[in-house]
Amino acid sequence: MDTKHWVVDKHQRNLESYPQIKEAAGLLKNNEVVAFPTETVYGLGANALSDKAVAKIYEAKGRPSDNPLIVHISTIGQLYKIAQDIPEQAERLIEKFWPGPLTLILKAKENAVSKKVTPGLDTVAVRMPSHPVALALIVASGLPLAAPSANTSGKPSPTLAKHVADDLTGKIAGILDGGATGVGLESTVLDCTGEVPVILRPGGVTKEQLEDVCGAVEVDRAILTEGEAPKSPGMKYKHYAPTAPLTIVNGSMEFIQSLVKGKQNKGLKVGVLTTSERENQYEADKIIACGSREDLESVANRLYDVLRLFDESDVDVIFSESFPSEGIGQAIMNRLTKAAGHKIITE
Ligand code: AMP
Ligand code: MG
């Protein structure tokens with residue numbers, strides 16, 4: 001399949017009437033799949049109302065067919081067509097965080113979207129993205145869009161159009177290239193179907209921010225404890241891990257440097273994942289700065305690209321510094337810990 005590549009400037013006004021967006025929307029209306037930038041990561045969109053269109057998402061990504069998709073909308077009207085019995089707490093969260101990186105799990109209206117979007121479930125995941133290109137595409141297509149991250153299953157989520165092209169060229173109808181995404185990690189997934197909302201996946205909106213709006217919020221135990229069965233179907237799948245084994249180190253620079261030397265003495269090439277503050281202070285075979293420690297949002301923003309860059313290098317092992325688990329740090333450490341297969345060394 002020929003994959004179109006359209007470059008769009010997200011700062012333009014009336015994006016929905018731009019030829020690139022109109023062409024991409026036309027393909028979506030024809031039940032093709034198109035990748036587009038959001039404020040979290042690139043999404044792979046298809047008409048959420050069509051079985052045929054949604055099946056193409058699973059096929060292009062190689063995604064297990066029991067892993068449900070998030071429906072992306074541009075108006076509240078679309079929400080009421082898809083979900084029912086929306087609790088008051090959820091309404092308050094919507095008011096505060098939409099459009100934005102918060103996905104809500106709500107009771108689904110029967111037959112409102114393709115069964116392939118919510119395989120075997122009576123709930124549906126919904127989000128209104130804030131990225132102007134994403135919103136314009138939804139408006140121009142006139143459709144709710146089912147959209148997981150636009151990577152091959154098992155690879156890190158794409159934060160640049162290049163990542164999407166590397167994974168999916170030839171497998172999808174087109175890529176809308178709006179430059180680098182914002183948050184750089186996926187949306188927070190919040191289950192709003194019980195008494196107390198539960199975070200199923202930490203992400204762009206933090207626990208602290210949610211609690212400010214709706215009081216106590218729980219975190220699915222599977223996120224905090226290895227071996228617990230997660231409530232979100234997608235969280236049970238093996239997550240991306242770089243080709244070279246990654247170990248997170250809780251300790252000083254000197255300690256990390258000694259681990260590096262130890263491996264080098266055995267003839268191995270060693271990579272270090274650090275931040276801009278310290279990138280010139282290590283001696284290793286490949287040192288990559290992942291944002292700035294002073295600004296954890298920049299770490300989130302760079303993380304997936306940095307993991308892909310290590311895969312393009314020839315290192316045998318990687319040591320990563322660790323990050324505080326507060327605020328966006330919870331999502332960073334969740335993704336990093338998975339990429340490390342839970343291997344953490346403490347000094
Ligand atoms: P992705 O679109 O690849 O970022 O993944 C979406 C995440 O939301 C996956 O972890 C899914 O398992 C999860 N998800 C989607 N729909 C539901 C749902 N109805 N209930 C629980 N989790 C869901
Ligand atoms: Mg994904």
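Residue numbers start at 1 and run along the sequence shown. As the structure lists them, so they are numbered: ligands from 1, and atoms in each ligand from 1. Note: hydrogens, waters and symmetry copies are ignored here, and every other heavy atom, side chains too, is used. What you are looking at is a predicted structure, and each value in this text was computed from that prediction instead of being measured.
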Q: Apply the salt bridge (Lys or Arg N to Asp or Glu O under 4.0 Å) test between Asp167 and each candidate in Lys61, Arg308, Arg63; give the one that qualifies.
A: Arg308

Q: We want to know whether Tyr282 and Glu321 form a side-chain donor-acceptor pair, criterion being a heavy-atom distance below 3.5 angstrom.
A: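 Checked: Tyr282/Glu321 side chains pair up, N/O donor to acceptor below 3.5 Å.
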
Q: Of the listed options (Gly43, Pro148, Pro119, Ala146), which comes nearest to atom 2 (O) of ligand 1 when hydrogens are ignored and any heavy atom counts?
A: Pro148

Q: With respect to the Mg ion (ligand 2), please indicate if Ser149 possesses an N, O or S atom at a distance under 2.8 Å.
A: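 Within the cut-off used here (under 2.8 Å), Ser149 does place an N, O or S atom near the Mg ion (ligand 2).
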
Q: What atoms of ligand 1 come within less than 4.0 Å of a heavy atom belonging to Thr123?
A: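 Checking each atom against Thr123, I get 18 (C), 19 (N), 20 (N).
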
Q: Would Thr118 count as a contact residue for ligand 1, given that I'm defining contact as a non-hydrogen atom of the residue lying under 4.0 Å from a ligand atom?
A: no

Q: Please indicate whether any nitrogen or oxygen in Arg63 is less than 3.5 Å from any nitrogen or oxygen in ligand 1.
A: yes

Q: Just jot down the ligand 1 atoms closer than 4.0 angstrom to any heavy atom of Leu121, in number order.
A: 18 (C), 19 (N)

Q: Report, as yes or no, whether the 6.0 Å neighbourhood of atom NZ on Lys56 holds more than 12 heavy atoms from other residues, nucleotides or ligands.
A: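 More than 12 heavy atoms, drawn from other residues, nucleotides or ligands, come within 6.0 Å of this atom.
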
Q: May I ask you to check whether Arg201 and Ser187 show a side-chain donor-acceptor distance below 3.5 Å?
A: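 Arg201 vs Ser187: donor-acceptor pair found between side chains.
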
Q: Could you tell me whether Glu186 and ligand 1 have an N or O pair separated by under 3.5 Å?
A: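 By distance alone, the answer is no.
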
Q: Is it true that the side chains of Ser157 and Glu186 contain a donor and an acceptor less than 3.5 Å apart?
A: yes

Q: Within a distance under 4.0 Å of any heavy atom of Ala125, pick out the atoms of ligand 1 and give their elements.
A: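 So the atoms of ligand 1 that pass are 15 (C), 16 (N), 17 (C).
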
Q: Considering only heavy atoms of Asn67, which atoms of ligand 1 have at least one such atom less than 4.0 Å away?
A: 9 (C), 11 (C), 12 (O)

Q: Which ligand 1 atoms does Pro68 reach within 4.0 Å, using its non-hydrogen atoms?
A: 11 (C), 12 (O), 14 (N), 15 (C), 16 (N), 17 (C), 23 (C)

Q: Can you list the atoms of ligand 1 that are under 4.0 Å from a heavy atom of Arg201?
A: 1 (P), 4 (O), 5 (O), 6 (C), 7 (C)

Q: Do Asp305 and Thr159 pair up side chain to side chain, a donor and an acceptor below 3.5 Å, judged on atom types alone?
A: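 Per modelled atom types, Asp305 and Thr159 side chains form no pair under 3.5 Å.
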
Q: Going by the side-chain hydrogen bond (donor to acceptor under 3.5 Å, both in side chains) test, name the single residue among Glu277, Arg278, Glu279 that passes it with Thr275.
A: Glu277

Q: Do Lys269 and Asp316 sit within salt-bridge range, that is, some charged N less than 4.0 Å from a carboxylate O?
A: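 Asp316 and Lys269: not salt-bridged.
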
Q: Check each heavy atom of Ile105 against ligand 1 and say whether those closer than 4.0 Å belong to the side chain, the backbone, both or neither.
A: side chain

